[in-house]
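Scroll down for the structure; my scribbles are underneath it.
Below, chains carry the letters A, B, ... as their sequence lines are ordered, and counting in each starts from 1. All figures in this text were calculated on a predicted structure; none of them were measured in a lab.
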Protein chains: 2
Amino acid sequence: MKNKQWRLASRPVGEPTAENWELKVDDVPDIEEGQIKVKINYISLDPAMRGWMNDSKSYVKPVGIGDVMRAGAVGEVMESKSDHFTAGDHVYGSFGVQQYAVVGAEGVHKVDPNLAPLPRYLGVLGMPGMTAYFGLLKTGVPQKGETVVVSGAAGAVGSVVGQIARIKGCRVIGIAGGKEKCDYLIQELGFDAAIDYKNQDIKAALRDACPQGIDVYFDNVGGEILNTVLTHINFKARIVLCGAISQYNNTDGVKGPSNYLSLLVNRARMEGILVTDNTKHYGEAAKDMAGWLNGGQLKAKEHVESGIENFPDTFMMLFKGENFGKLVLKVEHDT
Amino acid sequence: MKNKQWRLASRPVGEPTAENWELKVDDVPDIEEGQIKVKINYISLDPAMRGWMNDSKSYVKPVGIGDVMRAGAVGEVMESKSDHFTAGDHVYGSFGVQQYAVVGAEGVHKVDPNLAPLPRYLGVLGMPGMTAYFGLLKTGVPQKGETVVVSGAAGAVGSVVGQIARIKGCRVIGIAGGKEKCDYLIQELGFDAAIDYKNQDIKAALRDACPQGIDVYFDNVGGEILNTVLTHINFKARIVLCGAISQYNNTDGVKGPSNYLSLLVNRARMEGILVTDNTKHYGEAAKDMAGWLNGGQLKAKEHVESGIENFPDTFMMLFKGENFGKLVLKVEHDT
């Protein structure tokens, strides 16, 4: 049984290119005591992966040169020498960009394909959903009637942030690229307004869409959008820093928000979040999320591409804003 | 009785110059019901005044062209038609850059020249002291054993921040300009270390002085110092934004902190403060501060310049780092 894997060949400078990746075909190793062998079905593609390719201190170790690229994924247990899993279980774990994984039980948990389609466990019911839930509610602390703005609003995290804010009784404005995504936010997800950053003047559009100013801004993009939002925040506003996808491929460094003194004028705060700080409370969040999904208040959308060979190009869709919903890669197997 | 006043003649672009000011000699108006007439003894010179000269939305209205420059001051009541004050009272208020003021009672409070010299009510016992107290304790929330870094550390606010942090059992590092100020921080105020930003490499010096990283940073300066501190912060660090004196006179805009994503990596926060949000609690703070002063744990230092004619040059000392301690202007009177 052969295992196609994408390994990190070199570290990108700016945009990742084909040279940064190596497609390797390896044997699937035998499993040892405590391990499981997983046939991977869907791989999660996330902006954070770009950061893991850099050789810099962060919240996790960089992926090593020559290592299989780190990625969350869902799959089926083929063989188990762990007390926690049996063959046939469906599981989520950090299985990497490959067809098969042999891993220990730590950090792996079961998912139920009868309750939701597998890709959903990489989106609303997975890390992006938890990121949105805890980032918005714990750090953004939106109050009923407040105005919440979210960027990357049609993406995996942003679409959930906006919907939860709407459920909590806020006025919700999404920033996304293109008319199709903006229409979707308003018509399908119930956002109050949407701003098309590719075709609108963000400053003027924010002023129109947020006549009462901005109380919470959930930032997935950084750069000029963050900087412009800062000019419209209210007294005691909260800015949740979740990501800065517009900056990850800059070759001349990250652009800092020159309007940051608006935090001083408005006694506002800007705070970074990481989903894994909340592992102890995932259960409560999952219960809320499942309730909202079942009640039709929360909608999920996945963007599925196919074929592990297509990983490098599919990954780049994130940075071009080409995915519409949570981006996952469906893995096919020869056997 | 004639009143020398400094009025705002035009708005500065970059550094204020002589052309932005007009020295006017006016009559002191008669007082009306509810008002007091004050002979001003000391005028407070603060970095925030630079912001009030700009025509931009902020936490207070800009000073109008032709208006007496806004400034906190202490003086003596000469005549009162207010129930709250009688002639001979010493008072603090926003009296402006002039020799005499006629104002209503609102925002004016008595100070006692027998308890402390008058200039102290513009420093440790005034706005800068309160700013340090609430900014550090309420927003910085330093815990015993944590590392606290403060910039502008020999200034009116910074010197108090560092001393309160020391009183609370923190390791305290001050950033200031020049050996004399740095020696003072360590030898007189009990800071654990001091960094001379004019003569040291800040990044290397911070690494040496903060082997356990930085838990709280109280920022008075912005610019490169803020940006460098961001590379050394700890998990859940708090950055208190109090000012950005390095940026106030920039003609090409404020420089944003390009390392702001360190807030994300470290799940840290950056939050703006303004002293006047705490007016209800000034009493408690003053009690603490007076206790520390009397116990010798908190030391005060004022830098007194003389002559209202010298206001424009004296004001510029703030931006050149030429003041050593709280900068005040002593007002002389012809009568």
Any side-chain heavy-atom pair from B/N259 and A/V254 closer than 4.5 angstrom?
-> no
How long is the span from the OG atom in A/S258 to the CD atom in B/Q247, to the nearest 0.5 Å?
-> 10.0 Å
Among A/N266, A/L264, A/V265, whose side chain to side chain contact (heavy atoms under 4.5 Å, CB included) with B/S58 holds?
-> A/V265
Among residues 268-277 of chain B, which ones touch chain A with a heavy-atom distance under 4.5 Å?
-> B/A268, B/R269, B/M270, B/E271, B/G272, B/I273, B/L274, B/D277
Heavy atoms of B/Y260 and A/G256 approach each other most closely as CD2-CA, 4.3 Å
Is it the side chain or the backbone of A/L226 that comes within 4.5 Å of chain B heavy atoms, both, or neither?
-> side chain
Do other residues, nucleotides or ligands put more than 12 heavy atoms under 6.0 Å from A/K236 NZ?
-> yes
